[in-house]
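Okay, structure first, notes after.
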Amino acid sequence: MADDPYLWLEDITGDDALDWVRAHNEPTIAEFGGDRFEQMRAEALEVLDTDARIPYVRRRGEYLYNFWRDADNPRGLWRRTTLASYRTEEPDWDVIIDIDAIAAADGEKWVWAGASVIEPDHSRALISLSPGGSDAAIVREFDMATRQFVTDGFEVPEAKTQISWEDEDTVLIGTDFGEGSLTESGYPRLVKRWRRDQPLQDAETLFSGAETDVLVGASADRTPGFERILLSRAIDFFNEEVYEVRGNELIRIDAPTDATVSVHRGWLLIELRTDWSSGGAEYAAGSLLAADYDEFLSGTAELAVVFEPDEHTSLYQYAWTRDKLFVVTLADVASRVQVVTPGLWRAESVPGIPDNANTVIATADDLGDEIFFDSSGFDTPSRLLYASGGDELTEIKRAPSFFDAADLDISQNFATSTDGTAIPYFVVSHRHVRAAGPTLLGGYGGFEVARTPGYDGVLGRLWLARGGTYVLANIRGGGEYGPTWHTQAMREGRHLVAEDFAAVARDLVDRGITSVEQLGAQGGSNGGLLMGIMLTQYPELFGALVCSVPLLDMRRFHLLLAGASWVAEYGDPDDPDDWEFISKYSPYQNISTDRRYPPVLITTSTRDDRVHPGHARKMTAALEAAGHPVHYYENIEGGHAGAADNAQTAFRSALIYEFLWSQLTN
């Protein structure tokens with residue numbers, strides 16, 4: 001829009017904009033905040049707060065650490081226990097930090113944003129706390145022995161900071177150092193070495209990136225015998241240069257910039273996003289390669305193929321213990337788990353992995369020999385599996401069932417997209433229901449994110465247990481079939497994402513699973529963009545849509561918050577050639593006054609500093625002006641997740657499902 005009448009709604013905390021937000025929140029809550037909403041909110045909160053949830057952990061030294069929220073601790077507890085205690089039904093937790101207590105003392109609505117604990121002695125930690133759940137956070141140094149923040153220790157004001165320990169008196173930091181220190185995406189452009197008791201402005205600069213980069217960062221590997229500093233420069237969202245810092249020298253790890261590289265002890269792993277020729281050999285996109293790290297730097301390494309994709313199988317996840325590499329692959333979106341011995345690089349199936357479940361690596365101890373897997377399905381609560389050394393997997397935790405799944409039937413179908421590509425999707429339905437019924441279709445389709453089956457207690461209680469059908473579409477743009485499933489849908493190929501999703505919607509109706517009037521769809525972030533496209537390009541396929549924390553104004557997305565970092569995914573609106581294809585689907589620029597749109601609920605968060613809330617606000621205002629049915633809710637807290645604690649998550653979930661029930665069952 002040459003003249004955007006709603007540009008003023010991009011003023012995130014402006015008085016006029018927030019008055020507009022409140023004026024739109026109130027009627028939405030009034031319309032959908034009835035008895036069923038309150039019942040669903042209570043049911044969702046019970047799922048989120050129950051002590052029967054699995055407390056997922058990460059090993060640091062002799063302890064297993066967990067972050068936990070419940071009704072008594074809405075902001076959360078950072079706590080730890082021993083493995084022996086963890087294996088009991090009621091572990092003895094030692095609370096390290098009480099976020100509610102800190103928030104009360106500081107008079108701030110802190111949201112836990114993580115802890116960087118120095119290895120291997122675990123004497124100090126860098127604690128990140130976000131005001132309201134934004135990506136930007138403060139950082140404070142914490143003494144693990146005294147359980148107190150360190151007076152005059154390392155402390156960083158609110159920013160999108162990258163920080164890690166080099167030693168007990170030195171950190172590697174990228175943050176907002178002042179003018180010119182951030183990229184156009186709002187992330188650190190400089191990496192510095194900051195020594196204790198030194199003013200931050202006097203810290204030694206290790207590397208300067210370009211303003212057009214996404215970000216630069218550095219981390220120190222403190223594994224005894226393998227100490228090294230790695231520095232990365234993200235040129236765009238999918239390309240980065242990685243270096244080892246040796247004194248004043250930067251040594252490039254000369255893998256393709258669009259590959260993901262990682263170093264473990266003496267081994268280098270390279271995950272390819274595109275085909276690569278090296279040493280006279282050809283390696284396919286989606287392959288995982290391994291080499292001796294020092295030999296690779298010297299140019300003498302022989303590359304070993306750890307995994308090579310095929311038409312149906314892709315690499316999903318991998319993680320190291322000290323001496324083993326565990327690899328999870330997807331075969332038509334079904335998980336397979338293998339273990340690989342470095343040097344031999346021969347993959348073997350991991351015994352004890354449950355059949356007919358989606359199994360992922362929950363956490364692995366790269367300094368030891370222990371690994372945790374999480375295994376679940378749409379109708380099967382999570383099981384936490386544990387192995388140490390050569391021992392067989394054993395189940396040590398099981399999540400409760402939050403809804404009766406005895407009547408559920410899980411199936412996988414394939415829809416045919418416009419170009420003839422087969423698009424898989426999962427259907428979670430009820431055996432006793434023969435007629436078409438209320439159906440919720442979910443999808444994402446971006447950034448090579450694979451959507452896989454998994455247990456969702458809130459979805460189960462608020463939707464499935466009430467008789468709804470749920471569908472998960474594995475559309476292009478994601479990573480379900482490896483990087484090419486994503487790359488073909490980037491930039492000028494973005495139309496494939498929408499065509500795939502629309503094909504699944506049509507297929508659901510053609511098969512009699514649902515009707516147009518009873519078909520709803522939901523997506524957030526990049527998935528929110530997809531919902532905006534469905535609304536403006538395919539309105540005849542849906543009875544209702546939910547569009548959360550969305551990108552919608554693709555003419556200005558690169559100018560708002562972190563938007564510049566996504567130009568590699570979507571294209572550059574300032575380039576006329578790119579705008580030619582972006583303009584065809586950008587929801588904000590394609591609102592029709594002639595076509596009939598289904599009702600839509602648009603949600604966002606004031607504190608979302610990743611996807612600007614202005615997208616949701618402006619789209620709502622423009623839809624209203626065009627006479628379309630639109631409902632709006634903006635949470636003042638929550639960041640990009642849309643909620644800052646369990647109560648807010650329960651509220652938002654109940655609002656969404658009440659909206660869907662009210663629209664799809666009338």
Trace of the ring pair (Phe, Tyr, Trp, His ring centres under 6.0 Å) decision for Y65 with H122: CA-CA 12 Å; Y65 285 74; H122 312 103; 7.4 Å; no
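- Side-chain polar atoms of E211 and T183 form no donor-acceptor pair below 3.5 angstrom.
- Counted within 6.0 Å of CD on E295, heavy atoms from surrounding residues, nucleotides or ligands total more than 12; the atom is thus considered enclosed.
- Enclosure of atom CD in E392 is not indicated, since only 12 or fewer non-hydrogen atoms of other residues, nucleotides or ligands lie within 6.0 angstrom.
- Heavy atoms from other residues, nucleotides or ligands lying under 6.0 Å from CG of D202 number more than 12.
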R383 and D374: CA distance, side-chain angles, deciding distance, salt bridge (Lys or Arg N to Asp or Glu O under 4.0 Å) verdict: CA-CA 6 Å; R383 299 168 59 190; D374 184 82; over 6 Å; no
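- Side chains of R607 and S134: a donor on one and an acceptor on the other come within 3.5 Å.
- Side-chain atoms of N66 and Y86 form no donor-acceptor pair, as typed in the model, at a separation below 3.5 Å.
- Using a 3.5 Å distance cut-off with no hydrogens or angles, the side chains of D369 and S388 do pair a donor with an acceptor.
- Enclosure of atom CZ in R196 by more than 12 non-hydrogen atoms of other residues, nucleotides or ligands within 6.0 angstrom is indicated.
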Before giving the answer on salt bridge (Lys or Arg N to Asp or Glu O under 4.0 Å), spell out for D645 and K109 the whole-Å C-alpha distance, their side-chain angles and the decisive distance to 0.1 Å. CA-CA 10 Å; D645 56 33; K109 295 181 178 180; over 6 Å; no
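- Formation of a donor-acceptor pair under 3.5 Å by the S565 side chain with backbone atoms of V214 is not found in this model.
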